[in-house]
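Only one structure is covered here, and it is reproduced in the block below.
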Amino acid sequence: MNMPPDSGNLLAGLNEKQLEAVTLPHQSALILAGAGSGKTRVLTTRIAWLIQTGQVSPQGLLAVTFTNKAAKEMLTRLSAMLPINTRGMWVGTFHGLCNRLLRAHYREAGLPATFQILDSADQLSSIKRLMKVMNVDDEKFPPKQVMGYINSCKEEGLRAHSVEAYDSHSQRMREIFEEYDKQCQREGVADFAELLLRCYELLGREASIRQHYQSRFKYILVDEFQDTNRLQYLWLKLLAGQGNNKEHNCIFAVGDDDQSIYAFRGARVGNMRDFEEDFNVQSIVKLEQNYRSHSNILDAANAIITHNRNRLGKNLWTSAGKGEPIRVYQAYNDIDEANFIVDEIKMLHAEGVDLNQIAMLYRSNAQSRVLEHALFTAGLPYRVYGGLRFFERAEIKHALAYLRLIANPEDDTALLRVINFPTRGIGARSLEQLQEAARQQSCSLWQAAINKVGDGRPGKGIEGFVALIKQMQEESIGLTLPEMAELASNLSGLRQYYLGEKEGEDRIANLDELVNAAVAFMNQDIGMQVDENGETQSLLTQFLSHASLEAGEHQADAGRDALQLMTVHSAKGLEFKTVFISGLEEGLFPHEQSMYEASGLEEERRLMYVAVTRARQRLYLSHAQSRMLHGQVRYGIPSRFLDEIPEELLKRLNATASPSRMAQADAYQNHTPAPSQKDALPWKIGQSVAHSKFGQGVVVSYEGNSNDLRVQVNFGREGLKWLALEYAKLEKI
DNA sequence: CTTACGTGAGTTTTT
DNA sequence: CTCACGTAAG
């Protein structure tokens, strides 16, 4: 068993470029991995190869991803390739790895051993609470905006004291930021961005810790590099030992600038170019052979993305044939579009295509409604991505809050969540008194409660709550994790409460599921209890971190044969036999809030590129001449992205609209009749027009009378224009 | 404390 | 239009 497997075996089946990437010598490298080019395979094979050829031990490398799913997949594939125990390897998300590091060095990081992780919802409520204390006007400072500000500062690597603020508004923002961090520190909690920033600061400050990890992780591998933000890049640089004039560790970065679709949340594609420079990258390996799609689809994707200026440059190709033409359907309205898609799906399904191999992609979540309605009417099973996740459900968060209080009662966020849930007669005024007391004594709410009622007596009110938490803490000693989960649900009265609720059965089922999740967690992670210092971490704390960092499946029954409905963003990384991209209209896709700025438009185009490259065999693109949006009928012109695809790749299907479908669409249209006066005017809404300067457009609205009529025309890329008919040369087409 | 009503906003999302 | 949120009333 000491014989290493034959490395040729490992490398078998790789193409030339993949092989080059996998077997690169010890130097930093940038792998430009196109969609469907075997990116994950290259990444995992690289790890396996490094280990197998003895260049590094499993403990000597670190691989980082953005999602838990990607990390899990990497580990799964890795253990299939190598006879090693992947447990204990440093493969995980940025947040997961930082959490691990902070747990190992919590003292040096200035955190309590049991520090809890705030998810976005926790963070927001924490900010709201703080703003109340600070007497901040939440009209001038919307909490969500404050949260965005704090997070983006942290993601730039900045603390409040180093943020620039010249006007009073931003100075106040900075002040809230500073107080918020103090509050978190007091309560022993860390938000997501804090995990990264705290870890970065720890490594920067503590030379011995930094050197320990620098000498340990000779190889660092990064997935989806184009999605890294500034802080993540700084963290990587520090960990690699880059910048202190010595030889640094090498980073193997895999990414695709053409699939960078997260600039809006701080991702910096520019990190790719910086990386080339900072790490003296000798050559970029481009993986351009695509194993997913037929060439018509790839040609369309290539044609679209060529319209972007800022690219590293890459062209996908395939040895598969042309395949089917890309089908384009111009719908009368959104209902017609949905019905068309449903008809096509019925046909495909009848031909034997599995429903879960068909995806319906859209730019924004609101578009799913019409599609769902049509699917529901047709009796087709579907599942929509993007709902609440398991650990985000209210009843689960309640139960977790009790668990958090067992681990650390100073956690004000957790305390406030459940101090009166289920209700135990603690109203707004007793809460206010408690918060006032805590403020005066500058202590946690829990401490204030103790000071007020002593050890608490069973019964009602704050006394009862204090007694309850103490009882939980005592009874949980020696219990296993699942038993604790059960204790939290039962002793708190949560289960009892939901028993009395009309629709409480699902919630109770979820509470049971939490116990199951605890069992699964115990079985799975039992080997990870010992941290770097050899200290045993509380399993409870680990479980709570897990709950925050990995919110669980997006929805249940993932295995069922059902159509897949999701935004283009959530489709990234997935592939389907057949893909429908709907709503291809100017203003929707590209979205109007992004289309007037070059960088925004380019990101929209990359989004379209991602959408198109999801399809293996068949791709449908559709747009509607009118659509219900925000309760109003809107008229749109076809997306420019459609124009960017060479006509010879397309097959236009408009003529095949079935009479029954049109009837349904018409019925809908009649519900919103236009005023008859408007119909009498020569320029109807929805009329296609041509303008000498602006090109083609659609009349969207108008004002004035027949003598002095002004029409608003949507010219797509030229935007919305008001035109006085008296002067503008407009022609109907 | 719950329920009803009014108001306003309305891309994309992982951790 | 539709949902989420906040306030006012019961």
Side-chain angles (χ1 to χ4, degrees), chain A residues 64-71 92-99 117-125 128 138-139 142-145 148 151 154-155 190-197 199 223-224 227-229 231-232 260-267 334 361-370 373 385-389 391-392 420-431 497 501 545-552 554 566-573 583 587-595 600-601 603-604 606-608 610-611 627-634 668 671-672:
Chain A
V64 60
T65 63
F66 275 86
T67 64
N68 293 298
K69 199 176 152 201
T93 62
F94 279 100
H95 295 85
L97 296 175
C98 285
N99 176 52
I117 300 165
L118 299 185
D119 67 17
S120 316
D122 294 334
Q123 186 186 16
L124 187 61
S125 68
K128 282 183 181 164
D138 56 6
E139 300 260 290
K144 283 212 176 98
Q145 221 169 288
N151 288 340
K154 289 187 180 182
E155 280 163 7
D191 59 55
F192 287 133
E194 183 70 24
L195 291 177
L196 280 156
L197 183 53
C199 187
D223 190 18
E224 305 278 18
D227 288 338
T228 50
N229 61 35
L231 178 57
Q232 286 159 339
S260 159
I261 55 173
Y262 287 114
F264 73 91
R265 69 173 195 211
D334 47 350
L361 308 184
Y362 35 80
R363 173 67 238 270
S364 63
N365 287 306
Q367 288 167 254
S368 77
R369 181 172 293 280
V370 196
H373 179 77
Y385 279 72
L388 264 196
R389 294 148 110 214
F391 287 113
E392 291 167 353
N420 198 34
F421 193 93
T423 50
R424 42 179 77 85
I426 303 173
R429 43 182 204 289
S430 9
L431 251 183
Y497 175 87
E501 281 277 290
S545 304
H546 166 81
S548 297
L549 289 174
E550 192 169 349
H554 247 310
M566 64 191 86
T567 62
V568 180
H569 281 94
S570 26
K572 188 174 166 217
L588 238 198
F589 198 177
H591 199 279
E592 58 187 340
Q593 293 201 49
S594 306
M595 61 193 265
L601 181 63
E603 181 147 316
E604 294 289 307
R606 292 193 292 270
L607 203 49
M608 180 65 184
V610 167
R627 136 178 347 261
M628 202 62 146
L629 207 66
H630 304 327
Q632 280 185 321
V633 180
R634 290 255 306 235
Y668 155 81
H671 285 302
T672 53

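Order of the sequence lines fixes the chain letters, A, B, ..., with proteins taken first and strands second; residue numbering starts at 1 for each chain. What you see is a predicted model; the values in this text were computed from it and never measured.
- Between A:Lys69 and A:Glu550 no salt bridge is recorded (no basic side-chain N to carboxylate O distance below 4.0 Å).
- Computed from coordinates, the A:Gln232 CD to B:dT13 C1' distance equals 13 Å when rounded to whole Å.
- Ring stacking holds between A:Phe264 and B:dT12, with the centres under 5.5 Å apart and the planes within 30 degrees of each other.
- Residue A:Phe94 is out of contact with every strand shown, counting any heavy-atom pair closer than 4.0 Å.
- Rounding to the nearest 0.5 Å gives a distance of 11.5 Å between CG of A:Asn365 and CE of A:Met566.
- For the pair A:Gly425 and A:Lys69, both in contact range of DNA chain B, the more 5′-proximal nearest nucleotide belongs to A:Gly425.
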Subject >> Contact state string [nucleotides 1-10 of chain C, B base, S sugar-phosphate only, - no protein heavy atom under 4.0 Å] >> reply: BSS--S----
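- To the nearest angstrom, P of B:dG10 lies 10 Å from NE2 of A:His591.
- Residue-to-nucleotide contacts include a donor-acceptor pair under 3.5 Å from the side chain of A:Ser120 to the base of B:dT15.
- If A:Ala551 and A:Glu604 are placed on DNA chain B by their nearest nucleotide, the residue sitting closer to the 5' end is A:Glu604.
- Counting to the nearest Å, the C1' atom of B:dT14 and the CD atom of A:Glu155 are 10 Å from each other.
- Per the geometry, CG belonging to A:Asp191 stands 16 Å off C1' belonging to B:dT13, to the nearest Å.
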**OP:** Assess whether side chain to side chain contact (heavy atoms under 4.5 Å, CB included) is satisfied between A:Leu196 and A:Glu155, documenting all intermediate values.
**Re:** CA-CA 8 Å; A:Leu196 280 156; A:Glu155 280 163 7; 5.8 Å; no
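- In this view, A:Tyr262 and A:Phe264, A:His569 satisfy the ring-ring contact (aromatic ring centres under 6.0 Å, His included) rule, not counting sequence neighbours.
- For B:dT13, the OP1/OP2 oxygens have a side-chain nitrogen or oxygen of A:Asn365 closer than 4.0 Å.
- Rounded to a whole angstrom, the distance from the C1' atom of C:dG6 to that of B:dT11 is 25 Å.
- When the P atom of B:dT14 is taken as reference, atom CG of A:Leu195 falls 17 Å away, rounded to whole Å.
- Between A:Asn68 and B:dT15 there is a side-chain N or O to OP1 or OP2 distance below 4.0 Å.
- Comparing B:dT13 with C:dA4, their P atoms are spaced 15 Å from each other, to the whole Å.
- As judged by a 4.0 angstrom heavy-atom cut-off over every strand, A:Ser548 is placed among residues making no nucleic acid contact.
- Among residues two or more places apart in sequence or in another chain, the salt bridge (charged side-chain N to carboxylate O under 4.0 Å, His left out) test is passed with A:Glu224 by A:Lys39, A:Lys572.
- Exactly one residue among A:Thr65, A:Leu549, A:Val64 makes a side chain to side chain contact (heavy atoms under 4.5 Å, CB included) with A:Thr93. That residue is A:Thr65.
- Within 4.0 Å of A:Leu118, counting heavy atoms only, lies no atom of the nucleic acid at all.
- Proximity note for A:Thr93 (side chain, C-beta onward) versus B:dT15, B:dT13, B:dT11: the nearest is B:dT15.
- Which of B:dT12, B:dT2, B:dT15 sits closest to the side chain of A:Thr567 comes down to B:dT12.
- Here the P atom of nucleotide B:dG10 and the CD atom of A:Gln145 are 11 Å apart, to the nearest Å.
- One finds no side-chain N or O of A:Arg265 lying less than 4.0 angstrom from the OP1 or OP2 phosphate oxygen of B:dT11.
- In this structure A:Asn420 satisfies the side-chain contact (heavy atoms from CB on, under 4.5 Å) test together with A:Thr423, A:Arg424, A:Ile426, sequence neighbours excluded.
- Under the stacking definition used here (centres under 5.5 Å, planes under 30°), the residue A:His95 fails to qualify as stacked on the base of B:dT15.
- In this structure, A:Ser120 has no side chain to side chain donor-acceptor pair (under 3.5 Å) partners at least two apart in sequence or on a different chain.
- When rounded to the nearest whole Å, the span between CG of A:Leu97 and C1' of B:dT14 equals 15 Å.
- Closest approach to the A:Gln593 side chain among B:dT13, B:dT15, B:dT11 is made by B:dT11 (side chain taken as heavy atoms from C-beta onward).
- In this view, A:Glu604 and A:Arg363 satisfy the salt bridge (charged side-chain N to carboxylate O under 4.0 Å, His left out) rule, not counting sequence neighbours.
- Distance A:Leu124 CG to B:dT13 C1': 15 Å, rounded to the nearest Å.
- In the set B:dT12, B:dC1, B:dT11, the nucleotide with an atom closest to the side chain of A:Asn420 is B:dC1.
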